[in-house]
Amino acid sequence: MASQIKLSDAQSVQWLLTRLLECYGPQYWWPADSAFEIMLGAILTQNAAWINVIKAINQLKIANCLTLDCIIALSKSELAALIQPAGYYNVKAQRIHNLCQFLLESGDFSTLQQWETSKLRSALLQVNGIGLETADDILLYAFDRPVFVVDTYTRRIGSRLGLFKQQAPYEIIRAFFEAALGECSANMNELHALLVQHAKQSCHKVPQCSKCCLKSACIYSTI
DNA sequence: ACCCAGGGTCATA
DNA sequence: TATGACCATGGG
């Protein structure tokens, strides 16, 4: 039967993408009105529920402060107060400030768009508060670079599918998906968004959830 | 009351 | 290289 056939990594990933698309449809990520908003959201969502990130973003919108010039003019305590609902507001205020300082020192956004992906990635990772996942969020969703974002959901779902070990290093998992998806930023955009959508709206907290889109591949027996 | 959420840094061994 | 402490809000 079909289950005895060992699919290649690329075939497995294509199956996963196709299956999730059938189940949830296209996700149209990242939900934001500008590249700058995406970059701030990438920091604000660190270990935080997205619903709380929306509240923080809305506070910035109400203050008419979703621009580089406005953010950079705020004190850290003022910025922290605005993003308070997202949690870790003191560290995130500092991290957002660090990012804005980097953007300011690097010229305008169109200048950064000219940079090679590897150069841009290295520069982002040098900003204190931007780690591997946040850098790749920014590269993929703000700069449309073919970089796959690895988060905890990716680890859980991918390892339960037998694609890689859950403890595998970040860069190994990233390379796995990038090789399988072939430098296609649109597919990387969609698959990461779908993995998040699947984890959020499906059988996340129900072991052996009967309505799980991935059936036996999705076994949330432990968190 | 407890667990977790679209992580990252820093100190320590 | 790999743990542990820390940051903090809000929903289930």
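Just so it is clear: chains get the letters A, B, ... in the order the sequence lines come, proteins before strands, and each one is counted from 1. Given the structure is predicted, the values throughout are model-derived calculations rather than measurements.
Aromatic stacking is not marked for A:Tyr153 over B:dG6, as the cut-offs of 5.5 Å for the centres and 30° for the planes do not both hold.
Aromatic rings of A:Phe143 and A:Phe109 (six-membered ring for Trp) have centroids within the 6.0 Å cut-off, being under it. Checked against the 6.0 Å centroid threshold, A:His198 and A:Tyr24 count as a close aromatic pair. Proximity of the aromatic rings of A:Trp50 and A:Trp30 is defined here by a centroid distance below 6.0 angstrom, and this criterion is met.
Toward the 5' end of DNA chain B, the nearer of the two residues A:Ile130 and A:Val196, judged by each one's closest nucleotide, is A:Val196. If A:Val127 and A:Trp29 are placed on DNA chain B by their nearest nucleotide, the residue sitting closer to the 5' end is A:Trp29. Nucleotides of DNA chain C nearest to A:Pro169 and A:Ile51 differ in position, and the one nearer the 5' end is that of A:Pro169.
Rounded to whole Å, the separation between the P atoms of C:dA2 and B:dG6 comes to 26 Å. Between C:dA8 and B:dC4, the two C1' atoms lie 13 Å apart (nearest whole Å). To the nearest whole angstrom, the two C1' atoms, one in C:dG10 and one in B:dA1, are 15 Å apart.
Here B:dG7 is the nucleotide among C:dT9, B:dG7, B:dG6 with the atom lying nearest to any side-chain atom of A:Gln46. Comparing C:dG10, B:dG7, B:dT9 by their closest approach to the side chain of A:Pro85 singles out C:dG10. When distances are taken from the side chain of A:Lys55 to each of C:dA8, B:dG8, C:dG10, the shortest belongs to C:dG10. Taking only side-chain atoms of A:Thr152, from C-beta outward, the nucleotide of B:dG7, C:dG11, B:dG6 with the closest atom is B:dG7. Side chain of A:Gln84, nearest nucleotide from B:dG8, B:dG6, C:dG10: C:dG10.
Nucleotide B:dG6 holds its P atom 11 Å from the NZ atom of A:Lys92, rounded to whole Å. Distance, A:Tyr170 OH to B:dT9 P: 12 Å, rounded to whole Å. Distance, A:Gln94 CD to C:dC7 C1': 13 Å, rounded to whole Å. When rounded to the nearest whole Å, the span between NE2 of A:His198 and P of B:dA5 equals 14 Å. The OH atom of A:Tyr89 sits 17 Å away from the P atom of C:dC6 (whole-angstrom rounding). We find that OH of A:Tyr88 is positioned 14 Å from P of C:dA5, with the value rounded to whole Å. Distance, A:Arg155 CZ to B:dC4 P: 17 Å, rounded to whole Å. Separating the CG atom of A:Asn98 from the C1' atom of B:dG8 is a distance of 12 Å, rounded to the nearest angstrom.
Between A:Asn47 and C:dC6 there is no side-chain polar atom (N or O) within less than 4.0 angstrom of OP1 or OP2. Contact annotation: A:Thr45 does not reach the phosphate of B:dA5 (side-chain N/O to OP1 or OP2, under 4.0 Å). Remark: A:Arg156 is not in phosphate contact with B:dC4, judged by side-chain N or O atoms under 4.0 Å from OP1 or OP2.
Remark: B:dA1 base-pairs with no nucleotide; criterion is Watson-Crick or G-U wobble with both hydrogen-bond distances under 3.5 Å.
Closest approach of A:Leu40 and A:Leu99 over heavy atoms only: CD2-CD2, 4.4 Å. Closest approach of A:Leu132 and A:Tyr170 over heavy atoms only: O-OH, 3.5 Å.
A:Asn90 comes within contact range of the sugar-phosphate backbone alone, with a heavy-atom separation under 4.0 Å but no base atom that close. Looking at heavy-atom distances under 4.0 Å, A:Ile43 makes no contact with the nucleic acid at all.
Using modelled atom types and a 3.5 Å distance limit, the side chains of A:Gln166 and A:Arg160 yield no donor-acceptor pair.
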